[in-house]
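Working notes, structure below.
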Amino acid sequence: MNSKAYKMFSVEGKVIIITGGAGFLGMQYAKALFDAGAKVVLWDKSEPNFSGKNNFYNVIDITDENAVQKATQIVASNFGKIDVLINNAAMNPAVGSNEAKQMFTPYDKYSLDSWEKELKVNLTGMLICIQAVAPIMKKQRSGIIVNIASEFANFAADNRIYLEKESEEEKCKSIGYIVAKHGVIGLTRTFAGDLGKYGIRVNAFSPGGMPRPEIPEEFRKKYSDLNMLGRMAEVGEYNGAILFLCSEASSFMTGEQIVMNAGRNAWR
Ligand SMILES: NC(=O)c1ccc[n+]([C@@H]2O[C@H](COP(=O)([O-])OP(=O)(O)OC[C@H]3O[C@@H](n4cnc5c(N)ncnc54)[C@H](O)[C@@H]3O)[C@@H](O)[C@H]2O)c1
């Protein structure tokens, strides 16, 4: 690669925290950034299964403000800086899983307990992590925050694809998830406005569906029919967007959102 272009996308030596880093997508971002020379720190409530040499993790719940503050201080004192925070952790039950069976209910029957849990992890948790890391980035007068939203930050779910059988009671993509993801865009814009004067950029990444192996084939097919490429995303396809947002290649971008969902937005 031409060396100027390569430098533009470089994350070499950057200290990058990924929340939910032990999950399906978090692990893909972690591996890609680690391979590109970043010092990757994973925060997750579960222990990650990550065998790189230069990786660090902290088992924490991102909704626990004290734990997040402490974990932030550990990263700052171990590495002397925090370059990037990727806010990726979320409750995101896979279609067909037991958790989804509880949460994908018709909206008039959706429990307040599920609502509070989903908003707490998917939105409040993100706020807590930004509030912990921002003072350090302000002192540095540099930093990048990437908030992982979803295509569902931009539209409601077409719940017809979540029906398992036509006769069965309606199944709906969780309303708490969709509302929280719309909120992530608001959080992104407001913090971008607040932190821009310190040289800190805040953007959102809104991916479409990347199926885990356990996803029912029927769902995969129905989902694929909704976008212009007629398929779901493949493993690794979001790493380029993450590299762009975490590097100087996106130096004039803040308060914005990258949507990557094979044209589903353009068809709406
Ligand atoms: N997979 C997709 O197709 C898809 C599509 C659009 C958006 N997203 C978004 O991408 C992100 C990652 O999704 P995923 O599919 O990898 O999900 P995942 O469930 O595999 O990963 C989420 C991770 O977050 C962690 N987590 C959950 N609650 C936590 C808490 N309170 N504290 C700390 N860690 C916590 C989980 O332990 C898990 O490791 C989410 O924000 C999700 O909404 C995913």
Side-chain angles (χ1 to χ4, degrees), residues 17-32 41-50 57-68 70-72 85-100 103 114 116-129 132 145-155 157 161-162 173-174 176-185 187-188 204-215 219-220 223-224 226-227 231-239 241-242 245 257-262 264-265:
I17 298 170
I18 309 178
T19 72
F24 178 58
L25 285 174
M27 194 58 70
Q28 292 175 41
Y29 305 152
K31 285 185 175 152
V41 181
L42 308 179
W43 287 353
D44 202 295
K45 63 178 181 150
S46 310
E47 201 156 309
N49 176 18
F50 187 43
Y57 69 87
N58 211 323
V59 175
I60 52 164
D61 181 338
I62 54 148
T63 66
D64 178 341
E65 210 180 338
N66 286 334
V68 171
K70 272 189 204 147
T72 304
L85 166 68
I86 303 179
N87 267 317
N88 166 74
M91 289 175 74
N92 184 28
V95 174
S97 67
N98 285 336
E99 212 184 357
M103 304 191 87
S114 296
E116 276 161 13
K117 274 191 199 146
E118 285 200 274
L119 287 178
K120 193 166 181 191
V121 178
N122 296 9
L123 196 54
T124 311
M126 208 174 261
L127 173 70
I128 289 172
C129 293
I145 296 172
V146 180
N147 295 326
I148 305 298
S150 158
E151 60 184 348
F152 290 127
N154 301 285
F155 48 75
I161 69 166
Y162 294 89
K173 178 77 180 174
S174 156
Y177 183 85
I178 295 167
V179 172
K181 293 301 187 182
H182 276 72
V184 170
I185 302 302
L187 200 66
T188 301
F205 176 50
S206 296
M210 181 185 288
R212 288 170 247 194
E214 67 268 25
I215 294 243
F219 174 80
R220 191 189 290 254
Y223 180 96
S224 300
L226 298 176
N227 70 46
R231 66 173 177 87
M232 298 187 80
E234 284 167 14
V235 169
E237 279 194 299
Y238 296 143
N239 294 345
I242 292 294
L245 289 172
Q257 171 191 195
I258 293 183
V259 180
M260 208 184 250
N261 67 352
R264 187 173 172 190
N265 269 39

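In this text the structure is predicted, and so the values were computed from the model without any measurement. All ligand and atom numbering here is 1-based and tracks the order in the structure.
Nearest protein neighbour of atom 21 (O) of ligand 1, counting heavy atoms only, is Gly23 CA, 3.5 Å. The protein heavy-atom contact nearest to atom 5 (C) of ligand 1 is Gly208 O, 3.2 Å. Summary of contacts: the protein heavy atom closest to atom 3 (O) of ligand 1 is Met210 N, 2.8 Å. Protein heavy atom at the shortest distance from atom 4 (C) of ligand 1 is Leu25 CD1, 3.8 Å. Counting only heavy atoms of the protein, atom 13 (O) of ligand 1 lies nearest to Asn92 ND2, 3.7 Å. Nearest protein heavy-atom neighbour of atom 31 (N) of ligand 1: Asp61 OD1, 2.9 Å. Nearest protein heavy-atom contact of atom 39 (O) of ligand 1 is Asp44 OD2, 2.7 Å. For atom 12 (C) of ligand 1, the closest heavy atom belonging to the protein is Asn88 OD1, 3.2 Å.
Ring planes of Tyr177 and Phe152: perpendicular class, angle over 60° (limits at 30 and 60°).
At least one donor-acceptor pair under 3.5 Å links the side chain of Lys181 to the backbone N or O of Ile148. Counting only distance, with no hydrogens or angles, the side chain of Ser114 and the backbone of Met103 share no donor-acceptor pair below 3.5 Å. Looking at Asp44, its side chain never comes within 3.5 Å of a backbone N or O of Val59 through a donor-acceptor pair. The backbone N or O of Arg231 lies less than 3.5 Å from a partner atom in the side chain of Asn227, making a donor-acceptor pair. In this structure, the side chain of Tyr223 engages the main chain of Gly209 through a donor-acceptor pair within 3.5 Å. Asn261 places no side-chain N or O within 3.5 Å of a backbone atom of Ser206 that could act as its donor or acceptor partner. With hydrogens and angles disregarded, no donor-acceptor distance shorter than 3.5 Å links the side chain of Asn147 to the backbone of Asn87.
The option with the heavy atom closest to atom 27 (C) of ligand 1, from among Gly125, Ala90, Gly20, Ala22, is Ala90. In this structure, of Phe152, Trp43, Tyr177, Phe24, the residue bringing a heavy atom nearest to atom 8 (N) of ligand 1 is Tyr177. In this structure, of Arg212, Lys45, Met27, the residue bringing a heavy atom nearest to atom 26 (N) of ligand 1 is Lys45. Of the candidates Ala180, Ala149, Ala233, it is Ala149 that places a heavy atom closest to atom 7 (C) of ligand 1.
Side-chain atoms of Thr188 and Gln257 form no donor-acceptor pair, as typed in the model, at a separation below 3.5 Å.
For the ligand labelled ligand 1, residue Lys181 lies inside the 4.0 Å heavy-atom shell. Residue Asn87 places no heavy atom under 4.0 Å from ligand 1.
The shortest N or O to N or O distance between Ile62 and ligand 1 is under 3.5 Å.
Scored by the side chain to side chain contact (heavy atoms under 4.5 Å, CB included) test, Ala67 finds Ile60, Asp64 as partners (sequence neighbours excluded).
Applying the 4.0 Å criterion to heavy atoms of Ile148 picks out, from ligand 1, the atoms 9 (C), 10 (O), 11 (C), 41 (O).
Nearest approach of Ile185 to Ala149, heavy atoms of both residues: CD1-CB, 4.0 Å.
Counting heavy atoms closer than 4.0 Å to ligand 1, residue Thr19 contributes nothing at all.
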